[in-house]
Amino acid sequence: MALGDVQLAGTADISRIEAPVTWKAYMMCAFASFGGIFFGYDSGYIGGVMGMPYFIHLYTGLPYPGANATAAEKAAFALPASKKSTITSVLSAGTFFGALIAGDLADWFGRRTTIILGCGIFIVGVILQTASHGLGLLVAGRLVAGFGVGFVSAIIILYMSEIAPKKVRGAIVSGYQFCITIGLFLASCVDYGTQNRKDTGSYRIPIALQMLWAIILAIGLFLLPESPRYYVKKDNLEKAAHVLSRLRGESEASELIQVELAEIVANNEYEKSVIPQTGYFGSWWACFTGGLSNPASNLRRTIMGTSLQMMQQWTGINFIFYFGTTFFQELGTIHNPFLISLVTTLVNVCSTPISFYIIERYGRRTILIWGAVGMFICEFIVGIVGVTAGRESKHNTSAVSSQIAFICIYIFFFATTWGPAAWVVIGEIFPLPIRSRGVALSTASNWLWNCIITVITPYMVGTGKGQANLQSRVFFVWGALCVTCWVYAYLLIPETKGLSLEQVDRMMEETTPRTSSKWVPHSTFAADMGLTKDQEALGTAEKQQLEHGNNETSAV
């Protein structure tokens, strides 16, 4: 097989479709996951800021409650639900559109370039937020920053999935979720340290610090290679071979590099023959082609990716990280809600590395199923304790302590399963011709539902006029949604553990989600698309054996 000036040597041996991987490649992938830090930090700092006394005073004009203030007066000293909703959700709105735009830019200019551009946009948004002294500029800054987060959150998953070795791809992409948890934890630490300042530094310091994470990521990506699959998509096989050799630690002329590149090219050619190439709008429409009855159709994959990210938001995890501080304040018995929020984010950080092992040991499908079970049990317990304690729950230390304990266990289940696995799966299920758009649509779905949940949650738990005042009962809502996540994962999520991105395509064509874990690769795209060197050697050996047999027959 040959394209341009690059000669490709394919193979029919499924065990040889990926070259050995060096520690250098692992470190490249690990650094790319750093993008999760400012994604997590940006999501995490705002919950603490909205509970800071100076911030509340500045944005509401309310006087500080005195030392002898009643519980009702202290509870009244808070941002209105409308302002909480606006400040929190506007980031998600910007991120939704940023993720959609990023899909195009990643195909036009490259995965790495799009991420760097996202860092630049994000920094502009942070500058606007830091300079704000009123709601208007703060909201505008979060909207702009949201576009940058959308670029990074969509394309970093795409980039990591395309450069990571198949045997540890799940663990490496899970590193992105781990970095998100680190970002959340750092945000809680900074909020905890600045909460009692009586000047604009209380909120400006947490906001401005975000620029550091974006600068580090942008500088680092200048030193990292582009995705080889991007160059294959652009028919630039010379650069693809060069990048692949950097990732795999082999020379460009190495047969191992040629074999892996041949499989990527063959898969791309196959997918292009199946997916019509009809220009810009046609490339978007290709994401929705094929019937619902075909488990390998692009429509099914797009629905799976977008619904999986929707389900991740339905678990209710961002209720804790966006509104945890204010929720714990409303429980009444907690002396320092900021400290409890810090503890919950620490649980998140410490739990996530467990996913590095279990996602490759037990697979994506298995941990999604059992993770949902663990989450809905914990959430129902939190809700039951709150209802059982009744009106006294706010003053029942034992009840509140048990609620916090089960919230932490719930976070553990999320951090080890749905947190990382949802990102891993969307990076694996799309074929190369629509991969950037498929991942962008899936990420946009995450942020759309993130936005919806952050808009409505303050009204669900708020105690003001016209608000639902669910308080702890909101966990019945999240628990019921996690039951839906459990059923969804069992019926619709395939097992992609241990497969190359090209093998995932074949698996989805030949099996169903519930039988996917038993599927074993049996051929390569390079072998199916044309004569490989292995086939030539096999043909020569068979011919020689036949001639030898004929000679022996003649001698007899």
Side-chain angles (χ1 to χ4, degrees), residues 1 8 10-18 103 107 157-167 169-170 173 227-233 240 244 259-277 283 286-306 308 363-365 424-442 492-530 532:
M1 188 188 305
L8 300 178
T11 181
D13 185 352
I14 60 173
S15 65
R16 295 174 55 208
I17 62 170
E18 186 173 272
D107 275 351
I157 292 296
L158 175 65
Y159 178 71
M160 293 174 66
S161 297
E162 291 190 341
I163 68 173
K166 65 178 183 177
K167 291 182 179 179
R169 185 175 59 243
V173 177
S227 163
R229 287 174 171 88
Y230 165 73
Y231 286 127
V232 168
K233 185 177 175 65
L244 205 55
V259 165
E260 182 171 357
L261 185 56
E263 183 69 2
I264 297 172
V265 170
N267 172 256
N268 185 50
E269 293 298 313
Y270 168 76
E271 294 294 350
K272 286 197 297 185
S273 70
V274 175
I275 302 173
Q277 306 298 300
S283 64
C287 295
F288 305 97
T289 56
L292 285 173
S293 59
N294 178 7
S297 70
N298 291 340
L299 176 61
R300 282 278 291 263
R301 298 185 200 217
T302 300
I303 292 175
M304 185 192 306
T306 53
L308 180 61
R364 290 70 157 143
R365 173 181 166 82
V424 172
V425 171
I426 68 166
E428 296 175 330
I429 60 175
F430 294 101
L432 182 56
I434 65 166
R435 185 171 295 144
S436 63
R437 287 172 171 81
V439 174
L441 285 168
S442 301
L492 298 177
I493 299 298
E495 184 53 72
T496 56
K497 179 187 73 169
L499 303 177
S500 71
L501 296 181
E502 289 69 39
Q503 288 171 342
V504 171
D505 285 348
R506 181 61 53 82
M507 177 272 293
M508 295 185 71
E509 291 176 354
E510 298 180 356
T511 188
T512 63
R514 283 181 285 177
T515 60
S516 57
S517 60
K518 299 178 182 178
W519 186 83
V520 177
H522 53 81
S523 66
T524 67
F525 280 97
D528 293 343
M529 293 296 289
T532 66

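Everything quoted here is computed from the prediction, not taken from an experiment.
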A.B. asks: Let me confirm one number: the CD-OG1 distance from Gln503 to Thr496, rounded to the nearest 0.5 Å.
C.D. replies: 11.5 Å

A.B. asks: Where the side chain of Arg364 meets the backbone of Glu495, is there a donor-acceptor pair that is under 3.5 Å apart?
C.D. replies: no

A.B. asks: Run the side chain to side chain contact (heavy atoms under 4.5 Å, CB included) test on Glu428 and Met508 for me, step by step, so that the C-alpha distance in whole Å, both residues' side-chain angles and the decisive distance to 0.1 Å come before the verdict.
C.D. replies: CA-CA 11 Å; Glu428 296 175 330; Met508 295 185 71; over 6 Å; no

A.B. asks: For Ala286 and Ile434, work out which heavy atoms get closest and say how close.
C.D. replies: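 Nearest pair, atom of Ala286 first, then Ile434: CB-CG2, 4.0 Å.
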
A.B. asks: Run Val424 and Arg169 through side chain to side chain contact (heavy atoms under 4.5 Å, CB included) and show every step you take.
C.D. replies: CA-CA 8 Å; Val424 172; Arg169 185 175 59 243; 5.7 Å; no

A.B. asks: Can you name the nearest heavy-atom pair linking Asn298 to Pro431, along with the distance?
C.D. replies: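 It is OD1-CG, 3.8 Å.
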
A.B. asks: Taking the side chain from Ser297 and the backbone from Leu292, do they hold a donor-acceptor pair closer than 3.5 Å?
C.D. replies: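 No; judged by distance alone, with no hydrogens or angles, the pair does not exist.
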
A.B. asks: Which heavy atom in Leu501 sits nearest to a heavy atom in Gly427, and how many Å separate them?
C.D. replies: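 Smallest interatomic distance, heavy atoms only, reads CD2-O, 3.8 Å.
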
A.B. asks: Can you check side chain to side chain contact (heavy atoms under 4.5 Å, CB included) on Leu441 and Phe430, steps first, answer last?
C.D. replies: CA-CA 11 Å; Leu441 285 168; Phe430 294 101; over 6 Å; no

A.B. asks: Can you pull the salt bridge (charged side-chain N to carboxylate O under 4.0 Å, His left out) pairs that have at least one residue in residues 431-441, sequence neighbours excluded?
C.D. replies: Asp104-Arg437, Asp107-Arg437, Glu162-Arg435

A.B. asks: Please confirm whether the backbone N or O of Tyr159 pairs with a side-chain atom of Ser227, one donor and one acceptor, at under 3.5 Å?
C.D. replies: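 Side chain of Ser227 to backbone of Tyr159, a donor-acceptor pair under 3.5 Å: no, none is there.
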
A.B. asks: I need the Met304 CE to Leu299 CG distance, nearest 0.5 Å.
C.D. replies: 11.0 Å

A.B. asks: Nearest 0.5 Å, what's the OG1-CE distance between Thr512 and Met507?
C.D. replies: 10.0 Å

A.B. asks: Write down the atom of Ile429, the atom of Arg301, and the distance for their closest heavy-atom approach.
C.D. replies: O-NH1, 2.8 Å

A.B. asks: Report the distance from atom CD1 of Ile303 to atom SG of Cys287, rounding to the nearest 0.5 Å.
C.D. replies: 12.0 Å

A.B. asks: Calculate, to the nearest 0.5 Å, the distance between atoms NZ and CD1 belonging to Lys233 and Ile264 respectively.
C.D. replies: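 Nearest 0.5 Å value for the NZ-CD1 distance: 13.5 Å.
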
A.B. asks: Over all heavy atoms of both residues, which pair between Pro228 and Ala240 is shortest? Give the atoms and the distance, please.
C.D. replies: O-CB, 3.7 Å

A.B. asks: Just so I know, are the side chains of Pro521 and Leu499 near enough to count as touching, which here means a heavy-atom distance under 4.5 Å?
C.D. replies: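 Answer yes - side chains close enough.
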
A.B. asks: Give the intermediate values and the outcome of side chain to side chain contact (heavy atoms under 4.5 Å, CB included) for residues Lys497 and Arg365.
C.D. replies: CA-CA 9 Å; Lys497 179 187 73 169; Arg365 173 181 166 82; over 6 Å; no

A.B. asks: For Thr515 and Thr511, indicate whether the former's side chain and the latter's backbone hold a donor-acceptor pair under 3.5 Å.
C.D. replies: no

